[in-house]
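Scope of the values below: all heavy atoms of this structure, side chains included, with no hydrogens, waters or symmetry mates. In this text the structure is predicted, and so the values were computed from the model without any measurement.
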Amino acid sequence: HYFAIMEYQSLVLLLLFVTCTLTTSAQKLDEDKVDEFTKVAIKRTTWEKFVGGGGMATLSTHIRLSKLNERVVIELKMIRSNTVYSIDESANLMFLFANGDVVTLHNNEFALTCSGCGATGFVGSTGMGTHTRYPIGEEDIAKMSKDTIAKVRIYTNDGYIERDVSNKESAMVQKMLALVTQ
């Protein structure tokens, strides 16, 4: 009877370990290649859920980082209550850190919502969303790689959306930066 209990506890611990390992190591590079035609070195992380409640009923955001040669870009896909909105060229994406510092990035082109543009897969593919890109410089990469992000503010033509960033989401951004800058 004692050995059966020990065997059951060992099995539970093993399952817990495997589950934690699978959920914590999900972040990876989706692309890591040199384009045959353009000779551009490309690194891209997988799309990951960022701030927001989720679903098209409220706010759904996903981010990934891309590096093309030496240029690093934060890509943001967003669906906001399945409404039509736009994001101007040079609109701000701001990160407030736990120490009070702020990093401000700027959208590199005008974006108007379109069907499926905020989706990273089938879910949300019929919703109205945007896909925007925010170049990030070396100084900001260094800051975001070491400091904890507390809040994010996304500017649209209707004003801005501000959300708290969890420690898990902040660590995810830091891991993305490490993946594309190594």
_Rounded to the nearest 0.5 Å, what separates atom CZ in R153 from atom CG in L96?_
8.5 Å
_Test item: side-chain donor near acceptor, S86 and N157, under 3.5 Å_ = yes
*Examine the side chains of H131 and E75 and answer whether a donor and an acceptor come within less than 3.5 Å of each other.*
yes
*Under 3.5 Å donor-acceptor, Q182 side chain and A178 backbone*: yes
_For Y160 and Y155, take the angle between the two ring planes, folded into 0 to 90°, and tell me which bin it lands in: parallel under 30, tilted 30 to 60, perpendicular over 60._
tilted
*What are the two closest heavy atoms between K143 and V103, and how far apart are they?*
CG-CG2, 3.9 Å
*Would you say the side chain of D164 lies within less than 4.5 Å of the side chain of V51, judging by non-hydrogen atoms?*
no
_Side-chain ion pair, E162 and K151, N-O less than 4.0 Å_ = yes
_Within the structure provided, determine whether M78 and F50 are in side-chain contact (heavy-atom separation under 4.5 Å)._
no
*State, with a plain yes or no, whether a side-chain heavy atom of E48 is found less than 4.5 Å away from one of V173.*
no
*Can you check whether I74 reaches L105 side chain to side chain, under 4.5 Å on heavy atoms?*
yes
*asked:* For D158, is there any backbone N or O sitting under 3.5 Å from a side-chain donor or acceptor partner on T156?
replied: yes
*For N92 and H106, indicate whether the former's side chain and the latter's backbone hold a donor-acceptor pair under 3.5 Å.*
no
*Do V73 and Y134 come close enough that some side-chain heavy atom pair is under 4.5 Å?*
no
*Would E109 and R133 satisfy salt bridge (charged side-chain N to carboxylate O under 4.0 Å, His left out), going step by step from the backbone distance to the final call?*
CA-CA 8 Å; E109 64 183 11; R133 294 163 186 86; 3.8 Å; yes
*CG/D101: more than 12 non-hydrogen atoms of other groups inside 6.0 Å*: yes
*Hey, does the side chain of S170 reach the backbone of S166 with a donor-acceptor pair shorter than 3.5 angstrom?*
no
_Donor-acceptor check, side chain of Q174 to backbone of D147, threshold 3.5 angstrom: yes or no?_
yes
*asked:* Contact between N167 and T148 at the side-chain level, heavy atoms closer than 4.5 Å - yes or no?
replied: yes
*Sort out for me which residue in V40, I42, T38 forms a side chain to side chain contact (heavy atoms under 4.5 Å, CB included) with N69.*
V40
*asked:* So R80 and T130, do their side chains get closer than 4.5 Å, heavy atoms only?
replied: no
*Side-chain heavy atoms under 4.5 angstrom apart, residues restricted to Ile, Leu, Val, Met, Phe, Trp, Tyr: same cluster for I141 and V152?*
yes
*asked:* Please check this pair: side chain of T45 against backbone of L65, looking for a donor-acceptor N/O pair closer than 3.5 Å.
replied: yes
_How close do T181 and K67 get, counting heavy atoms only, and between which atoms?_
CA-NZ, 4.2 Å
_Intermediate values then yes/no, side chain to side chain contact (heavy atoms under 4.5 Å, CB included), M172 and I63_ = CA-CA 10 Å; M172 176 189 68; I63 64 168; 4.2 Å; yes
*What pair of heavy atoms forms the shortest contact from T46 to M176, and how long is it?*
O-CE, 3.8 Å
*Does any non-hydrogen side-chain atom of I154 lie less than 4.5 Å from one of R163?*
no
